Amino acid sequence: MVVLGFMILNAALAGGVNVLGPAVADETIGRSAWGVVLAAETAGMVVGGLIALRIRVRRLLLLGVACMFAESFLLVGLALAPTIVVLVSAGVAVGIAVEQFAVAWDTSIAQHIPADRLPRVYSYDMLGSWIAIPFGQIAVGPVAAAIGTRDTLLILATLVVLAVLGMLASRDVRRLQAVAPAISTERLDPETIVAIASSPGSGWIRAPASRGSGTRARACSNPGVSCSDSGKIRRCTDRDSCATRRP
């Protein structure tokens with residue numbers, strides 16, 4: 001569903017931003033200012049990358065797809081208010097949004113697709129996402145000549161919004177969860193393990209102490225979480241508990 005959505009989204013952006021954008025700029029802000037708008041989008045990607053380093057969300061793909069609503073901002077700005085302030089602001093917002101999705105998409109693929117299937121999945125992703133771009137670039141000119149540039153840009157912005165809504169309608173997009181980072185307890189002292197186990201959202205649970213053993217912390221049941229068992233690192237399986245350490 002995401003690949004199909006981006007087939008439509010990329011075709012709309014290729015026609016609206018890459019073809020009609022310079023034409024609108026020639027009649028309004030000028031080509032030099034249009035270059036500033038595109039540079040602002042790149043700067044937004046840098047900011048978006050820094051934001052992606054800081055945020056921690058459980059449903060990362062849902063966040064990334066929702067951010068793609070911002071892709072319509074530049075199209076709407078070109079159609080309704082092609083001024084340098086509006087377009088630069090829209091460009092920064094688009095750049096931030098694109099980077100959030102890029103991180104979310106690549107992370108989701110890396111975490112949920114087996115390594116031996118990655119080449120096939122990436123090939124399908126690239127083909128589906130980019131195949132309609134030439135069509136968008138070719139079709140947008142005749143459509144703009146027939147109904148006007150402004151209306152064409154608004155239609156393209158609507159297509160972007162509908163494509164994002166279509167992706168969000170997918171249950172897999174809404175419910176896919178990011179895998180928690182692996183935690184190794186091999187070199188942790190008992191007090192640190194207990195602190196980790198007690199922290200909210202850590203994915204750990206406190207296990208009751210057995211007689212004469214004192215308090216112990218046990219890693220919870222997340223697939224793919226590395227944990228310690230008798231001083232050795234092993235991989236937890238689903239609904240498995242491991243990494244018991246006694247002080």
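These values consider heavy atoms only, across backbone and side chains, with no hydrogens, waters or symmetry-generated copies. Just so you know, residue 1 is the first one in the sequence shown, and it goes up from there. Since the structure is predicted, the reported quantities are computational estimates derived from the model, not experimental observations.
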Closer than 3.5 angstrom, by distance alone: can the side chain of Asn10 be matched with the main-chain N or O of Ile133 as a donor-acceptor pair?
no
Compare every heavy atom of Ala132 with every heavy atom of Ala11, then report the nearest pair and how far apart it is.
CB-O, 3.5 Å
Given side chains that start at C-beta, do those of Thr83 and Thr28 come closer than 4.5 Å, heavy atoms only?
no
Given side chains that start at C-beta, do those of Ile147 and Ile155 come closer than 4.5 Å, heavy atoms only?
yes
As a quick check of understanding, evaluate side-chain contact (heavy atoms from CB on, under 4.5 Å) for Val36 and Ile29, giving each step before the final call.
CA-CA 10 Å; Val36 174; Ile29 62 175; over 6 Å; no
So which heavy atom on Pro142 is nearest to which on Ala139, and how close?
CD-O, 3.3 Å
Are Phe69 and Leu80 connected in the hydrophobic side-chain network, where two residues link if heavy atoms are under 4.5 Å apart?
no
Which of these, Leu74, Leu75, Asn18, Ile8, sits in a side chain to side chain contact (heavy atoms under 4.5 Å, CB included) with Leu13?
Leu75
Could you give me the CA-CA distance, side-chain angles and deciding distance for Val92 and Val47, then say whether side-chain contact (heavy atoms from CB on, under 4.5 Å) is met?
CA-CA 9 Å; Val92 172; Val47 175; 5.8 Å; no
Go through it in stages, so that I can follow the logic: the residues are Met68 and Val160, the test is side-chain contact (heavy atoms from CB on, under 4.5 Å), and I'd like the CA-CA distance, side-chain angles, deciding distance and then a yes or no.
CA-CA 8 Å; Met68 296 312 293; Val160 169; over 6 Å; no
Applying the 4.5 Å side-chain criterion to the ILVMFWY set and letting contacts propagate, would Leu159 and Leu154 be lumped into a single cluster?
no
Looking at residues at least two apart in the chain, or sitting in another chain, which of them share a side chain to side chain donor-acceptor pair (under 3.5 Å) with Ser170?
none
For atom CZ of Phe135, decide whether the heavy atoms of other residues, nucleotides or ligands shown that lie under 6.0 angstrom number more than 12.
no
Say whether, by atom type as modelled, one donor and one acceptor occur between the side chain of Arg174 and the main chain of Ala169 under 3.5 angstrom.
yes
Side chain to side chain donor-acceptor pair (under 3.5 Å) between Asp26 and Trp34: does it pass, once the steps are laid out?
CA-CA 9 Å; Asp26 281 343; Trp34 180 245; over 6 Å; no
If hydrophobic clusters are built from ILVMFWY residues whose side chains come within less than 4.5 Å, do Val103 and Val3 share one?
no
Side-chain donor-acceptor pairs under 3.5 Å in residues 112-121, sequence neighbours left out?
from, atom 1, to, atom 2, distance (Å)
His112, NE2, Gln177, O, 2.9

Each residue besides Met7 in its hydrophobic cluster should be listed here, by chain and number; the cluster joins Ile, Leu, Val, Met, Phe, Trp and Tyr at side-chain heavy-atom distances under 4.5 Å.
Leu4, Leu127, Ile131
Side chains of Ile55 and Gln100 in contact at under 4.5 Å (non-hydrogen atoms):
yes
Please answer: with hydrophobic residues joined when any side-chain heavy atoms are less than 4.5 Å apart, are Met45 and Phe101 in the same cluster?
yes
Distance col, row Ser72:OG vs Leu153:CG, nearest 0.5 angstrom, shows 12.0 Å
Taking Arg56 for its side chain and Leu53 for its backbone only, find out whether a donor-acceptor pair lies under 3.5 Å.
yes
Do the side chains of Leu78 and Leu20 get nearer than 4.5 Å, heavy atoms only?
no
Check whether Val76 and Val143 end up in the same hydrophobic cluster, where Ile, Leu, Val, Met, Phe, Trp and Tyr are linked by side-chain heavy atoms less than 4.5 Å apart.
no
